[in-house]
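First comes the structure, then the notes that go with it.
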Amino acid sequence: MADQAHTIHPVPEAFATGAHVDAARYAEMYQASIDDPDGFWGEQGKRLDWIKPYTKVQNTTFEFGKVDIRWYEDGVLNVAANCIDRHLATRAEQTAIIFEPDNPEDPAQHITYRELHEKVCRFANVLLAQGVMRGDRVVIYMPMIPEAAYAMLACARIGAIHSVVFAGFSPDALANRINDCGAKVVITADTAPRGGRKTALKSNADAALLHCSDKVRCLVVKHTGDQTTWIEGRDVDVKAQMASVAPDCPARPMNAEDPLFILYTSGSTGRPKGVVHSSGGYLVFAAMTHQYTFDYHDGDVFWCSADVGWVTGHSYIVYGPLANGATTLMFEGVPTYPDAGRFWAICDKHKVNQFYTAPTAIRALMGQGPEWVDKYDLSTLKLLGTVGEPINPEAWVWYDEHVGRGRCPIVDTWWQTETGGHMITPLPGAIPTKPGSATKPFFGVQPVILDPTDGHELTETATEGVLAIKDSWPGQMRTVWGDHERFQKTYFEQYKGYYFSGDGCRRDADGDYWITGRVDDVINVSGHRMGTAEVESALVAHAKVAEAAVVGYPHPVKGQGIYAYVTLMNGIDPSDSLKSELEGWVRTEIGPIAKPDLIQWAPGLPKTRSGKIMRRILRKIAENDYGALGDTSTLADPSVVDELIENRMNRG
Ligand code: 6R9
């Protein structure tokens, strides 16, 4: 497989000719973005409509203790007006959103920019009627339906800050987020069909709201029409209200630095943190990366298969595409329903031009055999993209051959919730690709590789270490909601003067970057970030569990699986039924994505004398790699390791 990774795929000539950016232009623009960031980003900021133009461009410092990130700080704009209103003069009748429902028998919807404008204005008026004001927080807990985008844009229109919570999260996880950001309103739907099954979103919201202030209102989109409980005075029927409010709502002038949204993401310690993104810088960066990375041209149909509950859905289903006046596709369902050809059936049906998905989906579909993709007409596809985790060369090559039919450049985009948009990615008309490499930095991004032991910058071209970024870019997160201290500590303390990504990275002799995965206690399950600490604290919250340690291990489809070592309370006997009970427990505490793939009973955990769990050893055991356990002499009781290995081997 190593040779696959070493194969260089040149830029297809025809592609380079028509692309926004070819190799020469990339080199020239990249250099300009580093030599004169104010000039470069000052120019790029003009891709938006400003109510009051900015006079300052960059004002940022990464100095620990004083970290402060501002872009376009005296500019005034409205994000929703940039994503909708300004397109009305030229493309009112163009489709803004294509909605493909879970059930392929149900009709797709095509929502034009004119219709989007009216829906968003009405939705905004419903929020205003509920007393939502500028700066208030609104939690959105929704299926992948157009109303989720209306809700986000309605918040942006009136200056409320949205926080989308992935619909797969449990009531407890939802309640924690509502409380952390002090939301005034939660927007949800009755039920959410996915893969032919339904999630009871409204009843999850009901359960969450039991743990929240009784002032929080619940706005319900009646999507399926399924029966739900209804609390008079608290619950609001969004569609009914939308029909009765005015069809127009002025877009509120907002400062470039006013928060647009909060998105919770897992870290290595503590509870998920609320990543805060700005209005101006974020939108410039989302729009620009959408245009250049995907080489988006007017009239193209763009499909990002992520969920709006993740940052990928924010930047590349909603904000980036709509800021560019694009046609963006929203899919309610899953890749394997009603069969493993669904993605390709949708590409064929809606004549998709750019398709963006996660390696885990590619691996899962690859496992179903090529016949599911080969039978569809995919001739409209021009470009493919991946995001979320390193892509293994086998999956890359399969994607290239069976989906791209050898014609489409593949952009492997490395970025994070924190970065707002693409950071390291090939530009398809400019940069040759290698299976598994995210290749080169986007404009204005200065990646550096640091020595993890002393933090010094490794300047040789071919090198390996941890990935950090040297200077700010407009899409960078501004703070952790309510905890600027935590923001500084998480990203700027360990390696002074840099933004630390938490990822390991190798740079090859051509200067191409290869992300090697997280170097902290974050695991990446199917492209979703999960803090080991979160799963551990859910496990130890169970009455029968004394201690738990969670690590990632290689999983053929998910990339990484969740491996939990569990020590039971005295007198509790291990059993298969207790395993299922614990799995179910974690599902309810956090959500299905956090359910351990493997639980191993551990009579004891390997700890240092100061009581720190040695995860390095647990990782090796989970990987079935007993030869290289490293130094175990600092363990308080080295014999627990032998016991764990024995148990692991016995289960095969
Ligand atoms: C956008 C998104 C971020 C983490 C990141 C890294 C991993 C994302 C990747 C990738 C290798 C890529 N990651 N894209 N690793 N190659 N192309 O996924 O945001 O959910 O915050 O995850 O995902 O480990 O640090 P987020």
Side-chain angles (χ1 to χ4, degrees), residues 5 164-166 168-169 261-268 272-277 282 285-286 289-290 293-294 304-317 319-320 356-363 384-393 395-396 399 410-426 431 433-442 445 447 466-469 475-477 480 490-491 499-507 512-532 534 552 558-560 593:
V164 184
V165 175
F166 175 55
F169 278 122
F261 65 85
I262 303 168
L263 189 55
Y264 285 85
T265 191
S266 297
S268 48
K273 45 185 177 282
V275 168
V276 176
H277 278 289
Y282 168 79
F285 200 65
T289 47
H290 173 260
T293 304
F294 302 117
C304 163
S305 77
D307 192 284
V308 287
W310 311 114
V311 73
T312 307
H314 283 61
S315 299
Y316 302 112
I317 295 176
Y319 291 114
Y356 189 37
T357 196
T360 185
I362 299 169
R363 284 193 298 267
L384 303 172
T386 72
V387 58
E389 51 175 319
I391 181 163
N392 50 311
W396 196 104
Y399 199 31
I410 297 180
V411 292
D412 174 354
T413 61
W414 175 82
W415 60 296
Q416 309 177 294
T417 305
E418 293 87 340
T419 72
H422 303 148
M423 298 292 280
I424 303 183
T425 175
I431 296 165
T433 54
K434 295 172 190 167
S437 172
T439 72
K440 296 285 200 286
F442 191 76
V445 174
V466 297
L467 178 63
I469 311 290
Q476 184 171 23
M477 74 181 281
V480 169
T490 311
Y491 305 103
Y499 164 82
F500 174 46
S501 69
D503 280 321
C505 185
R506 180 167 72 78
R507 189 168 52 212
D512 284 322
Y513 289 84
W514 302 72
I515 310 300
T516 52
R518 301 289 304 193
V519 294
D520 53 13
D521 290 324
V522 171
I523 43 189
N524 191 327
V525 186
S526 299
H528 300 148
R529 271 163 76 166
M530 197 38 66
T532 52
E534 273 172 83
K558 299 178 174 184
Q560 277 188 302
I593 55 171

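Both ligands and their constituent atoms are indexed starting at 1 by order of listing.
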**Message:** Do Pro447 and Ile424 have side chains that approach each other closer than 4.5 Å (heavy atoms only, starting at C-beta)?
**Reply:** yes
**Request:** Indicate yes or no: at least one non-hydrogen side-chain atom of Thr289 is less than 4.5 angstrom from one of Tyr316.
**Result:** yes
**Asked** Is the backbone of Gly420 close enough, under 3.5 Å, to the side chain of Ser315 for a donor and an acceptor to pair up by distance?
**Response** yes
**Request:** Measure from the ring center of His422 to the ring center of Phe294 and say whether it is less than 6.0 Å.
**Result:** yes
**Pairwise side-chain contact, Tyr282 with Tyr319, heavy-atom cut-off 4.5 Å (strictly under)** = yes
**Element-labelled atoms of ligand 1 that are located less than 4.0 Å from some non-hydrogen atom of Thr312** = 1 (C)
**Asked** If you round to the nearest 0.5 Å, how far is OG1 of Thr413 from CD1 of Ile391?
**Response** 10.5 Å
**For Ile515, atoms of ligand 1 separated by under 4.0 Å from a heavy atom** = 11 (C), 15 (N)
**Prompt:** Which residue owns the protein heavy atom closest to atom 1 (C) of ligand 1, what's the atom, and how far is it?
**Reply:** Trp415 CE2, 3.4 Å
**Message:** Please check whether Thr386 reaches ligand 1 - meaning an N/O of the residue sits under 3.5 Å from an N/O of the ligand, judged on distance alone.
**Reply:** no
**Request:** If you have a sec, work out which protein heavy atom is nearest atom 11 (C) of ligand 1 and how many Å separate them, to one decimal?
**Result:** Pro390 N, 3.1 Å
**Contacting atoms of ligand 1, where contact means under 4.0 angstrom from a heavy atom of Asp412** = 12 (C), 16 (N), 17 (N)
**Fill in**
atom 21 (O) of ligand 1 has as its nearest protein heavy atom Thr417 OG1, 2.5 Å
**Carboxylate-amine/guanidinium proximity below 4.0 Å for Lys440 and Asp512** = yes
**Asked** Is there a side-chain contact between Thr357 and Ile362 (heavy atoms, below 4.5 Å)?
**Response** yes
**Proximal atoms of ligand 1 relative to Asn524 (non-hydrogen, under 4.0 Å)** = 7 (C), 23 (O)
**Item:** Gly388 neighbourhood, listing ligand 1 atoms whose heavy-atom distance to it stays under 4.0 Å
**Value:** 7 (C), 8 (C), 9 (C), 10 (C), 13 (N), 14 (N), 18 (O), 23 (O)
**Prompt:** So which of Thr265, Asp503, Val275, Val311 actually passes side chain to side chain contact (heavy atoms under 4.5 Å, CB included) with Gln416?
**Reply:** Asp503
**Prompt:** Which atoms of ligand 1 have any heavy atom of Asp503 under 4.0 Å away?
**Reply:** 5 (C), 6 (C), 24 (O), 25 (O)
**Message:** Checking the N or O distance criterion of under 3.5 Å, is ligand 1 in contact with Ser501?
**Reply:** no
**Prompt:** Any N or O of Thr265 that comes nearer than 3.5 Å to an N or O of ligand 1?
**Reply:** no
**Request:** For Thr413, take its heavy atoms, then give the atoms of ligand 1 lying under 4.0 Å from any of them.
**Result:** 9 (C), 12 (C), 14 (N), 17 (N)
**Request:** Please tell me if the side chains of Met423 and Phe285 come closer than 4.5 Å, counting only heavy atoms from C-beta onward.
**Result:** yes
**Message:** Show me which atoms of ligand 1 lie under 4.0 Å from any heavy atom of Val387.
**Reply:** 1 (C)
**Fill in**
So for Arg529 against ligand 1, with non-hydrogen atoms under 4.0 Å, the contacting part is side chain
